[in-house]
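My questions all concern the structure below.
Nothing fancy with the numbering, it's 1 onward along the sequence. This one's a predicted model, so the numbers in the text were calculated from it and none came from an experiment.
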Amino acid sequence: MSELARAVAFFEQCDDPVLLHELLAVVARRTKRFVAQAMAQGGEDAIPAPAEEPAPATPAREREARRLVERTKDFAELQALARAIGRRTETLEIAASAEFPAGARIKVPRRVAFPPPDNWVSGTVETTGTMLRVELDSGKRWEGPPSLARPAGSP
């Protein structure tokens with residue numbers, strides 16, 4: 001069973017949006033390097049297509065899946081991992097947004113980051129979806145993923 005198939009299986013069932021967002025940031029940094037190298041070697045045509053979607057497999061452990069994202073030297077595999085992580089992240093963010101309809105009072109971290117910083121601010125949800133738009137009590141606007149939001153009365 002391939003490492004790629006096991007990692008994709010892990011991401012397809014992962015319920016940790018913080019981990020998924022952290023790994024999307026890793027993928028973004030690594031992708032920039034891969035694309036720059038491919039462009040230097042042969043232009044746009046040198047960028048490989050994503051790897052084929054692997055057959056279902058027994059999920060890897062978190063540590064193994066994270067290691068593959070951080071260390072794979074195969075850009076096509078990295079793209080396949082990015083797709084799996086992105087699909088699951090979108091699913092979790094849509095589910096999280098259902099908890100925060102327009103008009104709901106929530107708190108969010110002052111700065112969008114994963115893991116979220118401890119500096120929280122309160123506001124009212126303006127729009128919801130895979131990203132929330134929040135009118136903060138300070139009058140400023142906050143935009144970020146619903147997985148970072150908490151009900152206003154929570155610790």
* Tell me, with the steps shown, if L132 and T127 meet side-chain contact (heavy atoms from CB on, under 4.5 Å). => CA-CA 6 Å; L132 291 180; T127 59; over 6 Å; no
* Asked: What pair of heavy atoms forms the shortest contact from A9 to A57, and how long is it?
  -> CB-O, 3.3 Å
* If you measure from the Lys or Arg side-chain nitrogens to the Asp or Glu carboxylate oxygens, is any gap between K107 and D137 under 4.0 Å? ->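 Salt bridge absent between K107 and D137.
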* **Residues which pass side chain to side chain contact (heavy atoms under 4.5 Å, CB included) with L24, listed by chain and number, not counting sequence neighbours** =>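 Testing L24 for side chain to side chain contact (heavy atoms under 4.5 Å, CB included), a comparison that skips the adjacent residues, returns I85, T89.
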* Under the salt bridge (Lys or Arg N to Asp or Glu O under 4.0 Å) test, residues paired with E99 that sit two or more places apart ->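 Result, salt bridge (Lys or Arg N to Asp or Glu O under 4.0 Å) vs E99: none returned.
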* Asked: Under the side chain to side chain contact (heavy atoms under 4.5 Å, CB included) test, which residues partner A25, sequence neighbours left out?
  ->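 By the side chain to side chain contact (heavy atoms under 4.5 Å, CB included) rule, A25 matches R29.
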* To do: Please check if atom CG in D118 has more than 12 non-hydrogen atoms from other residues, nucleotides or ligands closer than 6.0 Å.
  =>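 No, the 6.0 Å shell around CG holds no more than 12 heavy atoms from other groups.
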* Between R67 and E3, does a salt bridge (charged side-chain N to carboxylate O under 4.0 Å, His left out) hold up when you go through it step by step? -> CA-CA 10 Å; R67 189 176 322 124; E3 279 186 296; 5.6 Å; no
* Decide yes or no for V134 and R141: does some side-chain heavy atom of the first lie under 4.5 Å from some side-chain heavy atom of the second? => no
* To do: Of all the heavy-atom pairs spanning V8 and A80, show the shortest one and how long it is.
  =>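 Of all heavy-atom pairs spanning V8 and A80, the closest is CG2-O, 4.4 Å.
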* To do: Show the numbers, then the answer: is there a side-chain contact (heavy atoms from CB on, under 4.5 Å) between V125 and I106?
  => CA-CA 7 Å; V125 175; I106 64 172; 3.6 Å; yes
* Charged N-O contact under 4.0 Å between E22 and R66 ->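 Salt bridge between E22 and R66, a charged N being under 4.0 Å from a carboxylate O: yes.
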* To do: Kindly give the heavy-atom pair with the smallest separation between R30 and L68, and that separation in Å.
  =>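 Looking at all heavy atoms of both residues, the shortest contact is NH1-O, 4.4 Å.
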* Check whether any side-chain heavy atom of L136 sits under 4.5 Å from a side-chain heavy atom of V108, and report yes or no. => yes
* To do: Return yes when atom CZ of R105 has more than 12 non-hydrogen atoms of other residues, nucleotides or ligands closer than 6.0 Å, and no otherwise.
  => yes
* **Exercise: identify the closest heavy-atom pair between L92 and D16** => CD1-N, 4.2 Å
* Would a 4.5 Å heavy-atom cut-off, applied to side chains only, mark V112 and L148 as touching? ->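 Contact flag for V112/L148 side chains = yes.
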* Side chains of P59 and F11: closer than 4.5 Å at any heavy-atom pair? ->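 The answer is no; the side chains never approach within 4.5 Å.
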* **Under the salt bridge (Lys or Arg N to Asp or Glu O under 4.0 Å) test, residues paired with R83 that sit two or more places apart** =>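 If we apply the salt bridge (Lys or Arg N to Asp or Glu O under 4.0 Å) test to R83, skipping adjacent residues, the hits are E53.
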* Can you check whether I47 reaches F34 side chain to side chain, under 4.5 Å on heavy atoms? -> no
* Salt-bridge present (E135, K140; N to O < 4.0 Å) -> no
* Asked: Going by the salt bridge (Lys or Arg N to Asp or Glu O under 4.0 Å) test, which pairs reach into residues 142-155, not counting sequence neighbours?
  -> R133-E143
* **Sub-4.5 Å side-chain heavy-atom contact between T31 and V35** => yes
* Counting N and O atoms only, with roles assigned by atom type, does the side chain of W142 sit under 3.5 Å from a partner on the main chain of P109, one being a donor and the other an acceptor? -> yes
* Asked: What's the spacing between N119 CG and R111 CZ if we round to 0.5 Å?
  ->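 Between N119 CG and R111 CZ, I get 9.5 Å after rounding to 0.5 Å.
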* Are R88 and E12 close enough, and set up right, to give a salt bridge (charged side-chain N to carboxylate O under 4.0 Å, His left out), and what steps lead you there? -> CA-CA 6 Å; R88 186 61 181 168; E12 287 175 343; over 6 Å; no
* Would you sort out whether V121 and S138 count as a side-chain contact (heavy atoms from CB on, under 4.5 Å), showing the intermediate values? => CA-CA 9 Å; V121 293; S138 66; over 6 Å; no
* To do: Quick one: closest heavy-atom pair of S147 and F114, and the distance?
  =>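 Result for this residue pair: OG-CE2, 4.0 Å.
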* Asked: Taking only residues two or more places apart in sequence or in another chain, which ones pass side chain to side chain contact (heavy atoms under 4.5 Å, CB included) with S97?
  ->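 Side chain to side chain contact (heavy atoms under 4.5 Å, CB included) check on S97 returns T128, P146.
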* Walk me through it: do R110 and W120 pass the test side-chain contact (heavy atoms from CB on, under 4.5 Å)? => CA-CA 5 Å; R110 185 174 303 278; W120 294 82; over 6 Å; no
* Mind checking whether V18 and F10 sit in one hydrophobic cluster, side chains of I, L, V, M, F, W, Y counted as touching below 4.5 Å? ->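 No.
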